[in-house]
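Reviewing the structure listed below.
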Amino acid sequence: MYYQYKKQFQQALVEWYKREKRDLPWRRTCDPYKIWVSEVMLQQTRVDTVIPYYERFLSEFPTLQHLADAEEEKLLKQWEGLGYYSRARNLQAGVREVVENYNSLVPDNRSEISKLKGVGPYTAGAVLSIAYNKAEHAVDGNVMRVLSRVLLIEEDIALPKTKKTFENAVMELIDPMHPSEFNQGLMELGATICTPTSPKCLLCPVREFCTAFNEGQPENLPIKTKKVKMKHIPYDVFVIKNTIGQFLVEKRPAKGLLANMWQFPMVEQVGNADTTNETKLAEQYNLNLLSREKLTSFKHIFSHLTWHIESYSIGCEEQAKLPGNCQWFTAEEMANLPMPVPMQKVWQSYKIETTSL
DNA sequence: AAAACGGGGAC
DNA sequence: GTCCCAGTTTT
């Protein structure tokens, strides 16, 4: 973009942003910690979803120190339902690094802040520009969409190396006097005007600078090729209650899918027979099963795989020897355990089934 | 470079 | 159903 147009573009974007920006909770503060929390929550997650989590999280952990001191169970409980739970663990690890190594001051330069756990190129640039007003790139999906249209960039955004093109473009275009408003303006534009489908070009403050609007078809940008192949896994899930009213739950492994989250015992379905899976359950968990009743069936879609859940209610004698990751809890105790959404659905189904008796 | 990693909303 | 969302880490 020619130099004289660049300054006009910056001014048009920044003035539009100042005028039209949505009133969001994290826009009422410059506290780097709070900006950091908001940016992590917003990764791959919509604004409307984040707002209630953000408010609750910061009232529970108002400072770096509060979060650094938190128990993981309590942290995950706050994150429950938001997804990508490693974000929460990484955020806490990063916060602990800041408390221990940076005197509780979030670093204000890219090389240091990028070393923090969970802080990638985007989050680094977002915190630096928004909290510290540094002229740093913060390239997310919105920015790639907006700039692919404005600058008619036709590289495949599914390829990792393409990100560099957009980071360079931002550094070339960014308003050095208003980095925070410039970066947020690009994202706000992508979220509200320059949307994936049917962009509202007639309302766009920078359409006169937009190559795709003037020459091409904005709706066909950006170009993205990658498609994911979904795996499907059928599971039987069991809500198991012993004779003194406790329920059996297990903690998932510390790595991988839904790490350290709690769940009801589940076994992968092998055939379409029903008794084989129950036998497998009794063996795996060393249980003496008494009764059984069908609960809800549904499918739960993750980003890369689908669980097909069938759930059952089981009565059972209490056993002395349980696998190490298993524990009996009362319903009240269970309420404090972080559980993923599919397990909450099963539990909800159980409660409805039993209260109707 | 590709896959893993949640959940939900919009079309 | 598909896409994608204020992405990062691991393989």
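Residue numbers start from 1 in every chain, and the chains themselves are labelled A, B, ... in the order their sequence lines are given, proteins ahead of strands.
- Rounded to the nearest Å, the gap between the P atom of B/dA3 and that of C/dC3 is 16 Å.
- Both A/M339 and A/S198 sit near DNA chain B, but only A/M339 has its closest nucleotide nearer the 5' end.
- Not counting sequence neighbours, the partners of A/R89 by the salt bridge (charged side-chain N to carboxylate O under 4.0 Å, His left out) test are A/E72.
- To the nearest whole angstrom, the two P atoms, one in B/dC5 and one in C/dA6, are 23 Å apart.
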Sequence neighbours excluded and cut-off under 3.5 Å, please list the side-chain donor-acceptor pairs for residues 191-205 of chain A, or say none.
from: A/T192; atom 1: OG1; to: A/E188; atom 2: O; distance (Å): 2.8
from: A/T195; atom 1: OG1; to: A/T197; atom 2: O; distance (Å): 3.0
from: A/T195; atom 1: OG1; to: A/S198; atom 2: O; distance (Å): 3.4

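- Classified by interplanar angle (parallel below 30°, tilted 30° to 60°, perpendicular above 60°), the ring pair A/F264/A/W347 is tilted.
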Q: Would you give a per-nucleotide map of nucleotides 4-11 of chain C, 5' to 3', where B means the base has a protein non-hydrogen atom under 4.0 Å away, S means only the sugar-phosphate does, and - means neither?
A: BBBBSSS-
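- Residue contacts for A/K115: at a heavy-atom cut-off of 4.0 Å it reaches no nucleic acid atom on any strand shown.
- At a threshold of 4.0 angstrom between heavy atoms, the contacts of A/L305 with the nucleic acid are absent.
- Across all strands, A/K345 comes closer than 4.0 Å to no nucleic acid atom at all (heavy-atom distances).
- When each of A/T197 and A/L159 is assigned the nucleotide of DNA chain B with its nearest heavy atom, A/L159 is the one assigned upstream, toward the 5' end.
- The environment of A/K34 atom NZ is sparse: at most 12 non-hydrogen atoms of other residues, nucleotides or ligands sit within 6.0 angstrom.
- With ring centers used as reference points, A/W262 lies under 6.0 Å from A/F329.
- Comparing C/dT9 with B/dG8, their P atoms are spaced 24 Å from each other, to the whole Å.
- Counting 5' to 3', DNA chain B first comes under 4.0 angstrom of a heavy atom of chain A and last does so at the ends given by B/dA1 to B/dG8.
- Residue A/V341 shares its hydrophobic cluster (ILVMFWY side chains chained together at separations under 4.5 Å) with no other residue.
- Geometric assessment of A/R87 against the ring of A/Y84 yields a negative cation-pi assignment under the 6.0 Å and 45° thresholds.
- The salt bridge (charged side-chain N to carboxylate O under 4.0 Å, His left out) pairs that include a residue from residues 159-168 of chain A are A/K164-A/E167, where partners are two or more places apart or lie in different chains.
- Taking the ring centroids of A/Y53 and A/W79, they lie at or beyond the 6.0 Å cut-off.
- Taking atom P on both nucleotides, B/dG6 is separated from C/dT11 by 14 Å, rounded to a whole Å.
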